[in-house]
Amino acid sequence: MDFLRPASWEEALAAKAAHPTAVPIAGGTDVMVEINFDHRRPDHLLDLGRVAELGEWEVGEESVRLGASVPYSRIMEHLRAELPGLALASHTVASPQIRNRGGVGGNLGTASPAGDAHPALLAAGAEVEAVSVRGTRLIPIDDFYTGVKRNALAPDELIRAVHVQKADGPQQYSKVGTRNAMVIAVCAFGLALHPETRTVRTGIGSAAPTPIRARIAEEFLNSALEEGGFWDNGKIVTPSVAKQFADLCAAACNPIDDVRGTASYRRHAVGVMARRTLTWTWESYRGARHTTEGAA
Amino acid sequence: MESVRPPKSPGFQGTSPVLARGGAPNGVPTKVTQGSQTKGGIGESTLRPDGTLKVTGEFAYSSDLWHEDMLWGQILRSPVAHAEIVSIDTSEALALPGVYAVMTYDDLPTDVKHYGLEIQDTPVLAHGKVRHHGEPVAIVAADHPETARRAAAKIKVDYRELPVVTDEKSATAPDAILVHENRDDHHIGHVSHPNIVHRQPIVRGDADAAAARADVIVKGEYYFGMQDQAFLGPESGLAVPEEDGGVHLYIATQWLHSDLRQIAPVLGLPEKKVRMTLAGVGGAFGGREDLSMQIHACLLALRTGKPVKIVYNRFESFFGHVHRHPARLYYEHGATRDGKLTHVRCRIVLDGGAYASASPAVVGNASSLGIGPYVVDDVEIEAIALYTNNPPCGAMRGFGAVQACFAYEAQMDKVAGELGLDPVEFRRRNAMEQGTIMPTGQPVDSPAPVAELLRRVKAMPLPPERQWESSEGADVRQLPGGLSNTTHGEGVVRGVGYAVGIKNVGFSEGFDDYSTAKVRMEVVAGQPVATVHTAMAEVGQGGVTVHAQIARTELGVTQVTIHPADTQVGSAGSTSASRQTYVTGGAVKNACELVREKVLALGRRQFGSYHPAWATAELLLEGGKVVTDGGEVLADLVDVLGDEAVEIEAEWRHRATEPFDLRTGQGNGHVQYSFAAHRAVVEVDTELGLVKVVELACAQDVGKALNPLSVVGQIQGGTTQGLGIAVMEEIIVDPVTAKVRNPSFTDYLIPTILDTPTIPVDVLELADDHAPYGLRGIGEAPTLSSTPAVLAAIRNATGLELNRTPVRPEHLTGNA
Amino acid sequence: MRVNFTVNGRPQEADDVWEGESLLYVLRERLGLPGSKNACEQGECGSCTVRLDGVPVCSCLVAAGQAEGREVVTVEGLADYARQRSWGAAPGAPLDSPSGEGTDSLTGEGAELAPIQQAFIDAGAVQCGFCTPGLLVAADEMLEHNPDPSDADIREALSGNLCRCTGYEKIMDAVRLAAARQSEGV
């Protein structure tokens, strides 16, 4: 095993080009587990810890360019306003120690369906900035997950950052685990209201071979909200609409039975989380509307 | 001055080649200097003598040991549960640079190739067959752990898989494949199938006639999942070859002498050539009663002539020790309209897995304590343990009694429900008390405050409702789901549940359950000093604290040195069965009393003529002086002792027990009982099936709290392990392949600090006159009633029947 | 490979490090600092918690090579670290008079302890002690940032550290005690 320690992003890209099977390591919270337990013996470990810009973020007009290695604890602390869904998701990641090390780049690189960040990224809308010596491309998050623990990265590419749309409305994130802290998701759900486009986006984790969106549920809710004039009248979403949305989210799942939970439970729980997060975000939206109106 | 010289142990610099790196002293033994006069005696919350070492990181656990030139051992384990081993080829592994030895069954040095606590059925290395997933097949020693791992991976083993038996039906079928052919142990004569390790029936009264009197009869079938001890310090130790051809093993164990008895014959060495010293132990809970890497490390050390260290990682630890028996329990309770139990019938089927381990004793406890702390004259009980191809199961905190308590307490709630009675009131009407006759015919001859314990937990104020509410909205940390943000109060229902349990203390059924203590008293640097030397395994429970307290109380000195635990003194028995404070504490007290007599004799010889009280009065040792019971000082201990050292090594036994009759289960099998009661308050997210335990109150009778702080710590720790099995902990074994599916801390979950509630503890001290200081063994009882109390509270919140533990979210939402 | 980093204020060098070794392994097996414990090697127990450039991390999940040039504080350095903090000294600077001198080699008595260490002893928060070093590092860091934590804050901050012996109640007591003593300036 070789340990490559590039001092800059350019060196990192060159190293990855020279050694396409090199395994990038940043927070180490996935890679080191595999090494410690002899599940993986890569020829090269590519340490990204010296590439300072990976740990930085820039808040732009439309989106946040979030460095791949920005630790979850910093997202929780500093990006709660811009990326509320991702900040909530970050808070559910493992333990404080892990949140101090792990970042979104690791979740994306590993592409486990149980990665906590995925549903929040799917719901917010995001693009993955994949870079190689050949150049840079932005991969829409919807196209990023290609299979169980597989993603759209080419062998010579590294994740530089993820561009996440800044929240234009309330976002929520829920995760079911069988413990009250430090737990891998049995299933997880992210929801983002986008009042500017009058759309709703979802993200579901651990309930299908890849993280997914519940597109039919989104479409249903988008039209139900539109038809009912809800975005304008700020009324409570009718229980039947919420239920139908929840059922469609559950139906979007394609889960398995495993040691963490049954497929049937995962479907059920996604439905419950969908209904609850819709209620929470919508209440928040209505509250914000009233405040705005009151101010105006 | 022999005994105050730093004793031989891994950490004592200058006397041993083995040092924790960084020159840290080994932590187990320790000198106690706190207090003055006879302050720091029993009944005080003196602080742990090893506390400073443990908070500075200097305490040397077995995994911290280091030796110049040391090799690392690695075990190759079976990837399948049941298979013939067709061939093993170690040549590639041996050829790897850095590899010093590779050993298989064929390399074992003597004809003794098996070991076991009671039945020697466990191969040191698999011979021709593996019987469970993870069974050791070969061992490697190399100069780096990675080299050892690579070498183990290069050992080629050709397995031919065999069918597996995994439950009672498959294991006891007439044509079932036998886990052990040609059994010749002492249980084979009274079991109906060779895949049954042991069977214990208990019959008393006439259950049929009593059932006819019952107004209600409640039947239930229950399942108790396989729990792991999950001690945080994985199995580890260091074996150092010695010049005389022997070996010195520094090891984390619960019972040095039991290990020694099993290790020496396999090595072909007399016991005196296998020296054992206790290294720091990172928790045990029963999981270190059986051998793990002990023999393997010694074999490799003797083969290579070099020190060999073995440290399991967490994955291996799940295969490296026995677990708590999963159990299927069938119960029938009858009661009259006025709330009195008429009879209980039960059948408890424990899965012992591939090797016997402690299974016979688990059967004894499950059967003899199978109906709980209640008065029932007519009972029919049967408990069996199976041999299967599942992981071996054995000792874990409260064994046998834990599984039974989960089921009988669920039954008690059901019967109360049928009768329309409050569950606590129904228990009170049937509660055992001193004088009650157990189903075994044994009278309970010390306090049994079952009703009082229940009354106390019920009387505690309930925690406020909706504690999650705050001015800033819901604090998810206080809600089911915790940080995962699953509810802000939606679907959350509170429930309250009660349970009480009974556990035996000490080794039962006629076992010669003794301990040994060596106590020495002498003057060091102008001060009287006592040294206590036992082989007791300090596993965190605080025995070292208590021994020093006993010596202070008995010998009236302030300075007590605790000698490292090793095999240079007689056996202390196991640190298990809630027994060490009782039995080794008793041995220390006894040895101190004998030393005191000798010291007083010394005093009489020298000073007797100076004061008549030497001949007439009751004399005590207090504050470093000989005093009369009236408080008159007769002499300083320093003067009495002079240059002499008084030393006594003596065995001490509690009163004898007897085996249970193999047909009727009658017999005075237990020496003492221990009782605890819990009230659980839970909040359940009924839609998602997530549980937050809000409070878990405990009341326990401890006889006499020798160290109140430690007593409460034991009760809270035991309570939390019971909480774990209630809502999250289970080793999941594939029913088809018998392979373990979750051997990691990612998928075998134990409670975090956010899962654990406040645990108020009410300690009752009703002396047991048969026990030293009236004390009662305490470590296990709280683990019994915690689980059923939590389950009862969840049933109370949800209205669901819930016949298995742990209860998982899918069981609460109907998605199992 | 060779790795250089600072541990408890002192420069350290480890040679012949296998590239797959963790920071935890190097601390324990190469630098003679076994205080950080190995209990799970997968970030699920917190027993190996150290501060890496001031931040609590699981040292089992830091590749040794990633520690190059970094500052590490382990439980062995916690007392000095706390003392420097109370003096307002620059963290990580080596001390002229390290604690530990004049310490009783049998019991460790006489060692100068960080307030959180003393509180763990006094409150009975130590049983087997295997989780203790990681908990101490995590708890000390929490009190540094949050000197007056609520119970929920303590539980959240320590939710990455498993303890199997105590049921956590005495650990809660210890952290409350350390916070109280800190606020009283004891």
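Reminder, nothing fancy here: chain letters follow the sequence lines and each chain counts from 1.
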Segment of [X] engaging chain C (4.5 angstrom heavy-atom cut-off):
X: L483(B); result: side chain
X: Q714(B); result: both
X: F285(B); result: side chain
X: T756(B); result: both
X: D475(B); result: side chain
X: P757(B); result: backbone
X: S744(B); result: both

Between L158(C), T166(C), L135(C), D151(C), which shows the greatest number of heavy-atom pairs under 4.5 Å with chain B?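 The answer is T166(C).
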
Please determine, among P133(C), C40(C), G124(C), the option with the most heavy-atom pairs under 4.5 Å with chain B.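 Heavy-atom pair counts peak at C40(C).
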
Relative to chain B, which segment of [X] carries a heavy atom at a distance below 4.5 Å: side chain, backbone, both, or neither?
X: E156(C); answer: both
X: E21(C); answer: side chain
X: A123(C); answer: backbone
X: D16(C); answer: neither
X: L136(C); answer: side chain
X: Q117(C); answer: both
X: S159(C); answer: both
X: N161(C); answer: neither

Within this structure, what is the [atom1]-[atom2] distance for the pair [X] and [Y], rounded to the nearest 0.5 Å?
X: I121(C); Y: R48(B); atom1: CD1; atom2: CZ; answer: 10.5 Å
X: T56(B); Y: E76(C); atom1: OG1; atom2: CD; answer: 8.0 Å
X: I759(B); Y: Y168(C); atom1: CD1; atom2: OH; answer: 10.5 Å
X: D122(C); Y: L47(B); atom1: CG; atom2: CG; answer: 5.5 Å
X: Q42(C); Y: F315(B); atom1: CD; atom2: CZ; answer: 10.5 Å

Which residue out of [options] racks up the most heavy-atom pairs below 4.5 Å with chain C?
options: I753(B), T720(B), V311(B); answer: I753(B)
options: R477(B), E146(B), R314(B), Q541(B); answer: R477(B)
options: D755(B), N313(B), T746(B); answer: T746(B)
options: G283(B), S317(B), S63(B); answer: S63(B)

I'd like to know if the side chain of [X] reaches the main chain of [Y], judged simply by a donor and an acceptor atom lying under 3.5 Å from each other, with no hydrogens or angles considered.
X: K54(B); Y: C128(C); answer: yes
X: Q127(C); Y: G542(B); answer: no
X: Y61(B); Y: G129(C); answer: yes
X: E58(B); Y: G35(C); answer: no
X: Q721(B); Y: R164(C); answer: yes

With no hydrogens and no angle check, just 3.5 Å: does a side-chain donor-acceptor pair link E169(C) and T758(B)?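 No donor-acceptor contact under 3.5 Å links the two side chains.
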
Answer yes or no: are there more than 12 heavy-atom neighbours, outside D148(C) itself, under 6.0 Å from its atom CG?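 Not buried by this count: 12 neighbours or fewer within 6.0 Å.
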
Tell me, with the steps shown, if D64(B) and R28(C) meet side chain to side chain contact (heavy atoms under 4.5 Å, CB included). CA-CA 7 Å; D64(B) 299 338; R28(C) 290 176 51 78; 2.8 Å; yes

What parts of residues 43-55 of chain C touch chain B if we use heavy atoms and a cut-off under 4.5 Å?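 E44(C), C45(C), S47(C), listed by number.
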
With a 4.5 Å heavy-atom cut-off, do K309(B) and E29(C) have their side chains touching?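 With C-beta onward as the side chain, the pair touches.
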
Do L113(C) and V55(B) pass the side chain to side chain contact (heavy atoms under 4.5 Å, CB included) test, and can you show the C-alpha distance, the side-chain angles, and the key distance before you say yes or no? CA-CA 8 Å; L113(C) 301 178; V55(B) 299; 4.1 Å; yes

Below 30° counts as parallel, above 60° as perpendicular, anything between as tilted: where do the rings of W72(B) and Y25(C) land?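 Because their plane-to-plane angle lies in the 30° to 60° range, the rings of W72(B) and Y25(C) count as tilted.
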
